[in-house]
There are 2 protein chains.
Amino acid sequence: MKPYVLLVEDEEALATLLEYNFQKEGFETSIAIDGEDALLQAEERTPDLIMLDWMLPKLSGVEVCRRLRRRKSTAKTPIIMLSARGDETDRVTGLDYGADDYMVKPFSMTELFARTRALLRRVSPTLLQDIIKLGDIEVDTKALRVKRADNAIHLGPTEFRLLDHLIRNPGRVFSREQLLDAVWGRDIYVEARTVDVHIGRLRKALKMPDRKDPIRTVRSAGYAFEAVND
Amino acid sequence: MKPYVLLVEDEEALATLLEYNFQKEGFETSIAIDGEDALLQAEERTPDLIMLDWMLPKLSGVEVCRRLRRRKSTAKTPIIMLSARGDETDRVTGLDYGADDYMVKPFSMTELFARTRALLRRVSPTLLQDIIKLGDIEVDTKALRVKRADNAIHLGPTEFRLLDHLIRNPGRVFSREQLLDAVWGRDIYVEARTVDVHIGRLRKALKMPDRKDPIRTVRSAGYAFEAVND
DNA sequence: TATAATTGTAATAAAGCTGTCACAAATTCA
DNA sequence: TGAATTTGTGACAGCTTTATTACAATTATA
């Protein structure tokens, strides 16, 4: 659904400012106040983007960056480093250790988002796309609309998020637990079988004569979205 | 329709920044990375405005400018030159060769758009029209008037701003919080539910027999304006 | 100043969505 | 084949979200 950015910044004022602006741009956000916190949070939920301050308590930004790169889950996650110092040495060091871009404080939010967009467009374009199309199915994430073969389809919020998640990872099989985490949220407890019911509702909503079911059931594993006819 | 700006800029960061800001101002954009590319693109679709970097690979900005002026289709198209150098000589050269305005890098986006507006107002005022039309609904942002199917509709200030905001972003779903930010202002605190009431008033005011409600409710998400019959 | 228009809130009604269960159907495996 | 496991689906109660109304307070207008 929304791209998730981890903001690693110990200065509270800047962290809040970043949070506010990223949320306005449609990101989900989380703040880490030091390097250790950052590593923990990144492990718990893999971010789609990391904003990483250079100067941090406990672990330096560079060190955090190196460790993030060593982990499989975050090896390719886009990282933008923030630094008060702007000299070339720092820039080079930051980029050497695996940051994708570099901003010198103070910076304009406009420029930050221009760069963010550029970076995400390069690395994971589906995150920025408003309209995701697969086969004859179309999901418009800005307008929150779904179409199949140009027919508008009405979905409830949960079915929408479910479809959104599945269609962004076509072919991949998700267990019920994974779907609960991704669609319902980590801290919400509902029966795993509830997923079945929503999958059923989604299937029913997407059903059209002469078109095959885009959702595949993988017995004793979960569900997956399949590219479809057309 | 939206005005179309051709951004001729080889430096990627700046090009992205410009693109982002022009899009935010409601322009359609295209980027050309060198002079030849610019001439090709301008031929394919005549821009309403051209931002032209002075220093370009292959063909210089001045040369591009001269050639654009020689073509009938772009002879009068407004051109703003961008240059790193700010001395008078360049300025004169640029303007001599037919640029309409001239900005020295680095420049503020605010100033750029102030000049852009001034230029477009002078050359092609219709592009900056204050009247937004969508389907059978017409919003005159200067005169603060609204019509539907040629019937004048009276709205209170808040409903007007609400409609104005929604109609400028047709299809897009806004949460109540986003609407409060955009319509009421960031620092004003009112209940999120108040939005519902104003949406209701707006709907009532826009209601006409045999015409459907242009405002879509998206459950657990917000509201969106939809293109309508006619 | 009196009158009208506009605004935000709260209360209530209406609509829509969700999660669970029970049982049917399908699939697997011995 | 038959038992066990897994999945599909309809029903439904409870819950959440939205629409609408009324009203008091504020602001504009004559």
Side chain to side chain donor-acceptor pair (under 3.5 Å): pairs with one or both residues in residues 71-81 of chain A, sequence neighbours excluded: none

Geometric cation-pi criterion B:R45 and B:Y4, 6.0 Å radius, 45° cone: yes

Positions of residues 189-203 of chain A (non-hydrogen atom under 4.0 Å from DNA chain C), listed by number: A:V190, A:E191, A:T194, A:V197, A:H198, A:R201

Should [X] be listed as having a side-chain N or O under 4.0 Å from OP1 or OP2 of [N]?
| X | N | result |
| --- | --- | --- |
| A:H154 | C:dG16 | no |
| A:S220 | C:dT28 | no |
| A:Y223 | D:dT6 | no |
| A:W184 | C:dT18 | no |
| B:T158 | C:dT6 | no |

Salt bridge flag under 4.0 Å for residues A:D196 and A:R176: yes

Parallel, tilted or perpendicular: rings of A:F113 and A:F27 (30°, 60°): tilted

Neighbour count >12 (heavy atoms, 6.0 Å) for atom CZ, B:R203: yes

Protein-nucleotide distance (B:R176, atom CZ; C:dT9, atom P), rounded to Å: 14 Å

Atom pair CG (A:L179) and CG (A:L166), whose distance is rounded to the nearest 0.5 Å: 5.5 Å

Upstream residue (5' side of DNA chain D) when A:V218 and A:K204 are each assigned their closest nucleotide: A:V218

Bend angle of the helix from C:dT1-D:dA30 to C:dA30-D:dT1, end axes from five pairs each (to 10°): 30°

Heavy-atom donor-acceptor pair, B:R219 side-chain to D:dT18 base, under 3.5 Å: no

